[in-house]
Amino acid sequence: GTPAACLPATTMRCCELLVVVLVSCVAACYAARDLSYETKLFGCGLPNDKGYPCEQHNITTEDGYKLQVFRIPHGRNASAQGPFPPVYLLHALFCSSDEWVMDYPEESLGYVLADAGFDVWLGNKRGNSYALEHTTYDKDDVEFWDFSWDEMARYDTQAAVDYITATTGYSTVGYVGHSEGTTIGLAAATVPTIAEKLNSMVLLAPVANVTNFEFPLLKWLVELGEDTFYLLFGHKSFLSSSWWLEEGGAELCHICPDCCEDILFFFCGFDSNNDNFNSSRFEVYYSHTPCGTSTKDLVHWLQSAETEKYQMYDYGSSSENQQHYNVAHPPFYDVTGLPMPIFMYSGLNDILATPQNVDTLMAQLPTGTFLHVEQNYEHMDFAWGMNAHVLIYPTLVSQLQSAAQAAART
């Protein structure tokens with residue numbers, strides 16, 4: 001065979017192109033058939049359509065990334081007076097702030113929190129479709145994509161909580177994360193300047209230690225290996241939103257609906273045949289997902305699965321790790337002493353945040369951490385499940401309210 005080093009750039013990128021085209025075709029198929037006008041709504045367009053106020057805020061991180069954050073300052077029927085306690089929501093891998101507002105008002109957590117009296121801030125991670133600008137680099141520069149969830153935790157979260165507290169006048173915020181949003185949140189909470197501004201953490205489908213899993217994407221990454229993955233997909237973006245996301249691939253789902261469902265399962269670990277999936281919202285989900293990330297971010301996940309450790313990105317050599325961390329090996333994230341109350345929700349049928357992985361995480365967290373295991377839940381049910389507003393959200397809202405009240409008294 002041809003040595004890897006001799007492969008032309010076009011060949012090295014062919015697999016990325018294939019995956020981008022296929023998955024983006026899936027994302028766009030229903031939109032092209034115009035099954036729902038909501039497929040054309042993004043950012044504040046979704047909340048505004050449901051009668052909610054919405055503001056776009058632009059936040060710049062310490063290392064130069066420009067993040068769009070969307071704010072729902074109050075519910076549909078609330079006075080605009082306030083002030084209302086702020087809560088910051090961070091989405092899963094390949095998702096965006098839209099994750100929290102794609103369903104009906106009574107079913108979407110972003111709307112539920114706003115109607116419950118919260119000032120809701122919907123965050124976006126660097127590299128997704130709402131965070132593709134930088135003060136120095138262009139999104140076509142390889143330097144732009146030199147990040148994993150380490151930087152999302154350290155810089156994105158710091159910038160967000162600093163901005164929210166400065167804007168609202170509150171000294172602390174509640175944090176809600178889903179999937180990778182929990183990975184980032186826990187890592188961020190180990191930074192004292194971030195932890196002091198969090199009055200609580202709600203972790204939906206929490207992922208930190210990745211030991212036992214059947215998540216197709218992650219299994220594929222491990223089988224592929226770090227070197228081969230970088231060889232095939234390069235050191236820039238993976239599944240970034242593009243023209244295909246909104247306009248192309250209209251025939252794929254029409255010709256092969258089962259293919260669409262299989263791809264959703266591969267990337268999200270969510271079985272569209274389960275009883276908690278609202279198939280009428282299929283086209284809305286696909287028109288907003290995937291939103292992309294860096295290849296380095298995925299390699300960090302690959303490393304987590306291989307090492308079975310909750311640690312920073314491994315640069316592959318003692319000298320490079322020394323350069324980045326001043327130690328030869330990537331440091332672990334120590335979550336044993338986190339100061340804020342933590343509320344975790346997991347699903348018994350989750351193939352990434354498996355019961356075993358959640359138990360491992362639970363053993364590392366402070367005594368008193370809350371854990372609720374929902375019997376029939378999968379990984380995406382906490383965001384897209386039809387009954388999450390009945391089984392999960394009422395308790396979650398009450399916990400955030402109590403934490404906000406306790407913080408206000410101190």
Side-chain angles (χ1 to χ4, degrees), residues 89-95 99-100 109 125 148-149 152-153 175-190 200-222 264-272 274 276-277 285 289-290 293 297-298 300-311 332-333 335-336 338 341-366 369-385 387-388 391-393 395-396 399:
L89 279 62
L90 194 61
H91 55 82
L93 180 67
F94 296 131
C95 293
E99 172 187 331
W100 307 105
L109 184 56
K125 299 175 294 193
S148 76
W149 51 262
M152 298 173 192
Y175 182 100
V176 179
H178 175 223
S179 189
E180 188 178 52
T182 70
T183 315
I184 292 166
L186 285 168
T190 66
S200 60
M201 296 193 74
V202 172
L203 308 177
L204 305 174
V207 186
N209 300 86
V210 183
T211 305
N212 303 283
F213 62 90
E214 294 297 327
F215 198 71
L217 172 62
L218 194 54
K219 288 177 72 69
W220 172 70
L221 286 172
V222 171
L264 179 66
F265 176 72
F266 181 81
F267 284 99
C268 299
F270 188 73
D271 184 357
S272 59
N274 82 31
N276 202 26
F277 182 81
Y285 301 151
T289 310
T293 188
D297 189 31
L298 289 183
H300 197 169
W301 279 107
L302 182 160
Q303 293 177 355
S304 297
E306 289 185 330
T307 64
E308 302 182 358
K309 297 174 181 176
Y310 186 38
Q311 65 182 25
F332 299 114
Y333 284 107
V335 296
T336 57
L338 299 185
I342 300 171
F343 310 101
M344 296 204 300
Y345 293 82
S346 67
L348 201 60
N349 295 334
D350 195 321
I351 57 176
L352 178 58
T354 63
Q356 298 97 321
N357 290 338
V358 172
D359 286 345
T360 299
L361 173 60
M362 187 70 176
Q364 299 173 48
L365 292 170
T369 295
F370 171 91
L371 173 61
H372 172 81
V373 181
E374 191 57 41
Q375 187 76 16
N376 297 314
Y377 261 41
E378 299 178 3
H379 198 64
M380 294 303 295
D381 279 322
F382 296 97
W384 294 348
N387 58 14
L391 299 178
I392 305 298
Y393 297 167
T395 304
L396 178 161
Q399 290 165 334

message: Set out, in order, the CA-CA distance, both residues' side-chain angles and the distance that settles side-chain contact (heavy atoms from CB on, under 4.5 Å) for Q364 and N209, then state yes or no.
response: CA-CA 10 Å; Q364 299 173 48; N209 300 86; 2.6 Å; yes
query: Run the side-chain contact (heavy atoms from CB on, under 4.5 Å) check on L396 and L109 step by step: do they pass?
result: CA-CA 10 Å; L396 178 161; L109 184 56; 4.1 Å; yes
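Of all the heavy atoms in D381 and N376, the pair that sits closest is OD2-O, 4.0 Å. Contact between T190 and A187 at its shortest, heavy atoms only, is OG1-O, 2.6 Å. What you find for T182 and G177 is that their closest heavy atoms are CG2-O, 3.2 Å. Heavy-atom minimum distance, I184 versus M152: CD1-SD, 3.6 Å. Here the shortest heavy-atom pairing between H379 and A353 reads ND1-N, 4.2 Å. Residue L302 comes nearest to L221 through the heavy atom pair CD1-O, 3.0 Å, listed as atom of the first residue, atom of the second, then distance.
The side-chain contact (heavy atoms from CB on, under 4.5 Å) check on P366 picks up L338, I342, T369, with sequence neighbours excluded. Taking the ring-ring contact (aromatic ring centres under 6.0 Å, His included) definition, one finds that F370 meets it with Y345, sequence neighbours left out. Evaluation of the side-chain contact (heavy atoms from CB on, under 4.5 Å) rule for Q303 yields E226, V299, H300, Y313, D314 as partners, not counting sequence neighbours. Scanning for side chain to side chain donor-acceptor pair (under 3.5 Å) contacts around W301 gives E180, with sequence neighbours left out. Applying the side chain to side chain donor-acceptor pair (under 3.5 Å) criterion to Y333, with sequence neighbours excluded, gives D150. Not counting sequence neighbours, the partners of A92 by the side-chain contact (heavy atoms from CB on, under 4.5 Å) test are C95, E99, H178, S179. The side chain to side chain donor-acceptor pair (under 3.5 Å) check on S346 picks up nothing, with sequence neighbours excluded. With sequence neighbours left out, T354 forms a side-chain contact (heavy atoms from CB on, under 4.5 Å) with N212, Q356, N357. The side chain to side chain donor-acceptor pair (under 3.5 Å) test applied to D359 returns no partner, not counting sequence neighbours.
No donor-acceptor pair closer than 3.5 Å links the side chain of Y310 to the backbone N or O of V207. Between the H91 side chain and the K125 main chain, a donor and an acceptor come within less than 3.5 Å of each other. No donor-acceptor pair closer than 3.5 Å links the side chain of Y377 to the backbone N or O of A205. Checked by atom type and distance alone, the side chain of S200 never pairs as donor or acceptor with a backbone atom of P341 at under 3.5 Å.
Atom CZ of residue F343 and atom OH of residue Y175 lie 15.5 Å apart, to the nearest 0.5 angstrom. Here CG of L352 is found 9.5 Å from CG of L93. Values are rounded to the nearest 0.5 Å. With values rounded to the nearest 0.5 angstrom, E374 atom CD is found 12.0 Å from L204 atom CG.
Side chains of M344 and V358 form a contact here, defined as non-hydrogen atoms less than 4.5 Å apart. You'll find the side chain of L391 stays beyond 4.5 Å of the side chain of H372, heavy atoms only.
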